[in-house]
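I have placed the structure first, in the form of structure tokens, so that the comments after it can refer back to it.
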Amino acid sequence: KSITLDITKAEQFLAKGAVEAYESKVKAAQEALENGTCAGNDFLGWLHLPSSITDDFLNEIQAVADTLRKKCEVVVVAGIGGSYLGARAVIEALGNSFAWLIDDRTNPTILFAGNNIGEDYLYELTTYLKDKKFGVINISKSGTTTETALTFRLLKKQCEAQRGKEEARDVIVAVTDAKKGAARTCADKEGYKSFVIPDNVGGRFSVLTPVGLLPIACAGFDMKALVKGAADMEKACGKDVPFAENMAARYAATRQALYTQAGKKIEIVANFQPKLHFMAEWWKQLYGESEGKELKGIFPAACDFTTDLHSMGQWIQEGERSIFETVISVETPRYELDFPHDDENLDGLNFLEGKRVDEVNKMAELGTRMAHVDGGVPNILINMPELTEYYLGQLIYFFERACGVSGLLQGVNPFNQPGVEAYKKNMFALLDKPGYEAESKAIRERL
Ligand code: PA5
């Protein structure tokens, strides 16, 4: 079994053969990725990453995860953007929706920080951790990202104060560059266990490195199955797989055709499983940072259905017709819950008696897709047999591969993110960071 792609409800909004017309361009993009001749070719380490991960390496990650699992009630994963979203996406997709409320002695509670500078968030987090045996995974490729570094300083001090410097050393792990950055300097000086983020893997493509794998293993999930799913999808989306059978190629071509030929400037990834909320957040970063540049790019948005049908549903059904929708559907839920009979039937819901809750959800999904297509919203469907590590691995690689191809079809470098520096420059100038004296003076004159 595999995840599948259905573009028929998108093709009907395009001229006949519009998707197939991309075949030669997609082939050229795939060749450029494989041959390393595309823009951003120093960041292609993700392309064959799944098939190159060895069992020995996964065992090494597992051993560190096992130490954290043994010694910590709570593991705080500090990271932002590509150093955060992939791990959270997989952990939330696989975990119990109420994980942090469950007294589960077999798995540590995984919390995320370093992805904002909210004082209240950090105050509440550090207060919660006061009587906890906690550990930290400090994830930052550059090793200097403000949000993560600020959070890590707070957590490191607290961990050392609560557990002592020696014990803290066993429960603080760094995932960072091999040589550069403050996170590397700190890890080496303190003697923390550390993992390297390869130079040629950009943040948003790094979930299958220790950036994602270590937190996922800490949470108790099977990273080997995740990597296997990704490796199988790597084969299924390779450059020699014919266009008609290549999911990544067809998804990339369809979205570019909708963007350039049908005026669809916004893609909404929608799920009908709240567990997939962060998978869509990960997808938003992957596509937003890869394609939104040079004054172009499809705007990536996300909705959780049916929740957001009661908020964004109106806009999607009848607002400006500049959107298309990509639904991630999960065929079989993990659990079964049947809807009960009620003699009084005060809520009038006896017509649902005996049905699984998922059957109601599936009819909502089908009804929504039909309504949105009728309302002029092209629909792409991605079907996942189940929410498991294996299929999530497939989904991750599928989206990564399609993203590389799609960005190249759009004519941009999909692997850089020059635009994210602008806010940092202003923030450092406003905070009088040493080295920013001229910028500080200039920005103050504008206030
Ligand atoms: O995709 C990217 O490169 C970014 O989103 C980074 O992952 C993010 O800015 C965090 O950077 P770092 O890992 O250097 O702390």
Side-chain angles (χ1 to χ4, degrees), residues 39-47 49 76-90 112-117 122 136-156 172-187 192 194-216 278-293 297 300 302 396-397 399-404 406-407 412-428 433:
N41 54 7
D42 42 350
F43 282 100
L44 292 174
W46 58 274
L47 196 66
L49 180 66
V76 185
V77 180
I80 192 167
S83 291
Y84 155 58
L85 287 161
R88 187 158 195 180
V90 173
F112 295 91
N115 54 66
N116 65 64
I117 325 176
L122 288 168
V136 187
I137 306 176
N138 184 33
I139 308 177
S140 177
K141 185 170 181 194
S142 63
T144 54
T145 300
T146 310
E147 290 87 340
T148 308
L150 178 150
T151 301
F152 180 65
R153 183 189 282 201
L154 289 168
L155 295 174
K156 174 178 185 285
I172 297 180
V173 180
V175 183
T176 187
D177 187 83
K179 297 194 188 85
K180 295 187 301 285
R184 168 55 56 198
T185 312
C186 171
Y192 298 150
S194 67
F195 289 98
V196 170
I197 308 175
D199 273 345
N200 61 356
V201 180
R204 58 190 174 275
F205 287 86
S206 70
V207 51
L208 299 171
T209 72
V211 167
L213 298 178
L214 179 61
I216 290 165
F278 272 95
M279 190 47 77
E281 292 301 303
W282 171 82
W283 169 87
K284 263 162 60 181
Q285 189 215 356
L286 182 64
Y287 280 76
E289 273 192 356
S290 299
E291 293 188 332
K293 49 196 74 159
I396 285 167
Y397 189 84
F399 273 139
E400 288 182 351
R401 184 83 185 206
C403 182
S406 184
V412 297
N413 174 353
F415 308 115
N416 65 3
Q417 58 283 332
V420 300
E421 296 310 315
Y423 98 91
K424 294 185 193 168
K425 199 177 114 207
N426 285 349
M427 177 176 74
F428 293 148
K433 182 172 176 172

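Counting starts at 1 for both ligands and their atoms, in listed order. Remember, predicted model here, so these are calculated numbers, not experimental data.
- Side-chain contact check for Ile197 versus Val175: some heavy-atom pair is nearer than 4.5 Å.
- Here the straight-line distance linking atom CG of Leu122 with atom OG1 of Thr151 works out to 4.5 Å at 0.5 Å rounding.
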Ligand 1 N/O to protein N/O, distances under 3.5 Å:
| from | atom 1 | to | atom 2 | distance (Å) |
| --- | --- | --- | --- | --- |
| ligand 1 | 1 (O) | Arg204 | N | 3.1 |
| ligand 1 | 1 (O) | Gln285 | NE2 | 3.1 |
| ligand 1 | 1 (O) | Glu289 | OE1 | 2.8 |
| ligand 1 | 5 (O) | Gly82 | N | 3.3 |
| ligand 1 | 5 (O) | Gln285 | NE2 | 2.6 |
| ligand 1 | 5 (O) | Glu289 | OE1 | 3.4 |
| ligand 1 | 5 (O) | Glu289 | OE2 | 3.3 |
| ligand 1 | 7 (O) | Gly82 | N | 2.9 |
| ligand 1 | 13 (O) | Ser83 | OG | 2.6 |
| ligand 1 | 13 (O) | Lys141 | N | 2.7 |
| ligand 1 | 14 (O) | Lys141 | N | 3.4 |
| ligand 1 | 14 (O) | Ser142 | N | 2.8 |
| ligand 1 | 14 (O) | Ser142 | OG | 2.7 |
| ligand 1 | 14 (O) | Thr145 | OG1 | 3.4 |
| ligand 1 | 15 (O) | Ser140 | OG | 2.6 |
| ligand 1 | 15 (O) | Thr145 | OG1 | 2.5 |

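- A donor-acceptor pair is defined here as one N or O able to donate and one able to accept, closer than 3.5 Å; no such pair exists between the side chain of Tyr287 and the backbone of Gly297.
- In this structure, Asn413 and Lys293 approach most closely via the heavy-atom pair O-NZ, 2.8 Å.
- The ring-ring contact (aromatic ring centres under 6.0 Å, His included) check on Tyr397 picks up nothing, with sequence neighbours excluded.
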After noting the C-alpha distance and the side-chain angles of Thr146 and Phe428, does the key distance pass the side chain to side chain contact (heavy atoms under 4.5 Å, CB included) rule? CA-CA 10 Å; Thr146 310; Phe428 293 148; 3.2 Å; yes

